[in-house]
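For reference, the structure is listed below as structure tokens.
By convention here, the first residue in the shown sequence is residue 1.
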Amino acid sequence: VFLLLWVNVSASKIRANARDHCMIQRLRPPTRVSSRTRRPVAPNPGACHSRYDGTNMIRSFFICLLLSSHAFAGSTWPSFRGTGDSLSDAKDLPLKWSDTEGIAWTAEIKGYGQSSPVVHGGKVFVTSVEGKTKTTLHVSAFDLKSGKPLWVKTFNGTQPIEDSDYVSKAPGTPCVDDKAVYAFFESGELIALDHDGNTLWQRSLTKEYGSFLGNHGIGCSPAQTKDNIIVLIDHDGPSYLLAVDKATGKNAWKVDREKRVSWSSPVVATRKGKEQIIISSNGAAEAYSAEDGKRIWGGEGVKGNTVASATVAQDLIVISSGTQGYNFALKLDAAGDLKDEDIIWRAESVSVSFGSPLVLGDHVYFVSKAGVAYCVKRATGEDAWLQRLGDSCWASPIGVSGKHDEHGERVYFFTKGGNTVVIAGGGEAAKVIAENKLTIEGRIYGAAAVDGVFVIRTGSKLYCAGAPSR
């Protein structure tokens, strides 16, 4: 009740003064970018455009807060990259750990998987696969405090895929909410289970819409709105964007897309109280209405954006690519075909690999295939610093505000070989404040941040760094 009263009073004051807090900078004369002509989305070098609509930002923030309060709580990590931005507001997150200290527990995972863990209600959920053709699918739950296995549910996959190091293995991070866990596998299975492991519904997208085609499998993770699970299938065949009703497993809507091979995941953003699905995928940057799947804006000509997903931070969308010159920021309020004035900045020297970009405070962070961390200024995209991490990262970095502890704003870079490099946020030079080496088999694929701990996942093992606060 107190929160609702405070929101109403604060929103009224902000609306009355919002116009005084708007700031606009103008670009050069706009040039239209047509999806039909496939002209590059990337802006002119040196161009800069910013707009901050205080009323819309505050309205969107409070609507998200009231409708999806669990997404902001430090006790949950509900989907791929948390709420899709890799930011954590968790309390008492650890700064240091090693093989001999700071590890609360470890747990073996049945099978192997490349997905990240998700956390809700004191439980950790992961997915994995087994078999020469990866048709044995597992969804597992562990106790967050002790690491004790709670249950494993096994399903048969519809589409056999020969197992190899060059093909994805359970890459899709599940989603979790108050009612269920929603798991998606590269064989096409989309499954909802309650928190005790009982199957609520199950369907096969490959049975319904055809086999997934491509040399490296499907790599996307589902996203979620309050009512729907969002799945992006971009492959070397008929592609589509699908919204599935959480309660029934039936389609809310389906949008057919042209063939394009990509492993990126959709991201949910809110503008003016309406949710959008933001997609960065093999040549295109686009937004669709979460309500009905209608295309809101888009443009083509982006090179190298096949793995990393978009990142949304308030009115900013960061698109990342493995090709230099195609890492840039867009306005969230774009419409129709993208134009030059929809571009805020371009980070010329940056490239990325598997991890998605991170927006934290006044800076944006990227990690290259060679394991170089880049920090650029959020307002302009200008270089702030770069730092060699010693290894590449398959996991996306996690940003911590530091408002709950004395360590301050910081970024955790989980390198694939087991070393987590912690760097202080911002600044004109990189300041490494901790390096945490674990002796692991395989690679680190992802991590979840909740109060007191990071839950770190390799192919077949979980590590809980810190002290669970539940």
Side-chain angles (χ1 to χ4, degrees), residues 78-81 109-118 124-141 151-176 180-194 197-224 228-244 246 249-251 254 261-266 307 309 354 394 445-446 457-460 462:
S79 59
F80 180 52
R81 300 162 61 212
I109 300 171
K110 189 174 184 179
Y112 193 96
Q114 297 167 322
S115 58
S116 298
V118 294
V124 180
F125 303 95
V126 294
T127 58
S128 54
V129 294
E130 280 189 297
K132 292 182 178 180
T133 56
K134 301 187 302 175
T135 50
T136 301
L137 319 177
H138 303 302
V139 183
S140 304
W151 50 259
V152 179
K153 300 298 178 180
T154 302
F155 303 86
N156 294 321
T158 304
Q159 180 180 343
I161 303 170
E162 191 70 28
D163 186 20
S164 81
D165 288 338
Y166 302 99
V167 179
S168 58
K169 302 175 185 180
T173 297
C175 295
V176 62
V181 183
Y182 311 89
F184 174 66
F185 292 89
E186 65 270 38
S187 59
E189 270 58 44
L190 183 61
I191 305 164
L193 307 94
D194 67 21
N198 300 305
T199 302
L200 301 177
W201 51 260
Q202 177 181 355
R203 56 188 291 191
S204 170
L205 301 187
T206 47
K207 266 187 178 181
E208 296 175 43
Y209 305 119
S211 297
F212 299 149
L213 306 178
N215 295 326
H216 303 293
I218 291 291
C220 73
S221 295
Q224 63 177 327
N228 295 329
I229 292 296
I230 310 297
V231 182
L232 174 66
I233 304 298
D234 275 355
H235 66 128
D236 202 16
S239 301
Y240 50 91
L241 180 65
L242 184 66
V244 176
K246 287 181 173 181
K250 297 180 179 179
N251 287 2
K254 177 176 178 285
V261 177
S262 183
W263 298 270
S264 63
S265 301
V307 180
S309 303
F354 295 103
W394 283 48
Y445 289 115
R457 194 252 170 92
T458 65
S460 56
L462 291 174

Of all residues at least two apart in sequence or in a different chain, which pass the side chain to side chain donor-acceptor pair (under 3.5 Å) check with [X]?
X    : result
N228 : none
S264 : S262
D194 : N198
Y445 : Y112, R443

Can a donor-acceptor pair be found between the side chains of S128 and H138 at a distance below 3.5 Å? no
Can a donor-acceptor pair be found between the side chains of R81 and S309 at a distance below 3.5 Å? no
Could you report the tightest heavy-atom contact between [X] and [Y], atom names first, then the distance?
X    : Y    : value
Y182 : A192 : CD2-CB, 3.7 Å
P171 : E186 : CD-OE1, 3.4 Å
K246 : W201 : O-NE1, 2.8 Å

Say you draw a straight line from [atom1] of [X] to [atom2] of [Y]; how long is it, rounded to the nearest 0.5 Å?
X    : Y    : atom1 : atom2 : value
I230 : S79  : CD1   : OG    : 11.5 Å
Q202 : K153 : CD    : NZ    : 13.0 Å
F80  : C220 : CZ    : SG    : 10.0 Å

Close side-chain approach of I191 to F185, heavy-atom, < 4.5 Å: yes
Pairing residues for V181 by the side-chain contact (heavy atoms from CB on, under 4.5 Å) criterion, not counting sequence neighbours: F125, P174, V176, H195
Can you list the residues that meet the side-chain contact (heavy atoms from CB on, under 4.5 Å) rule with T158, with sequence neighbours excluded? E189, S204, T206, K207
Examine distances only and state if a side-chain atom of [X] and a backbone atom of [Y] form a donor-acceptor pair shorter than 3.5 Å.
X    : Y    : answer
R457 : G113 : yes
R203 : G249 : yes
Q114 : K169 : yes

Which residue is it: S115, S221, S116? I am looking for the one with a side chain to side chain donor-acceptor pair (under 3.5 Å) to T127. S115
Show, in sequence, the C-alpha distance, side-chain angles and deciding distance for D234 and W263, and conclude whether the side-chain contact (heavy atoms from CB on, under 4.5 Å) test is met. CA-CA 7 Å; D234 275 355; W263 298 270; over 6 Å; no
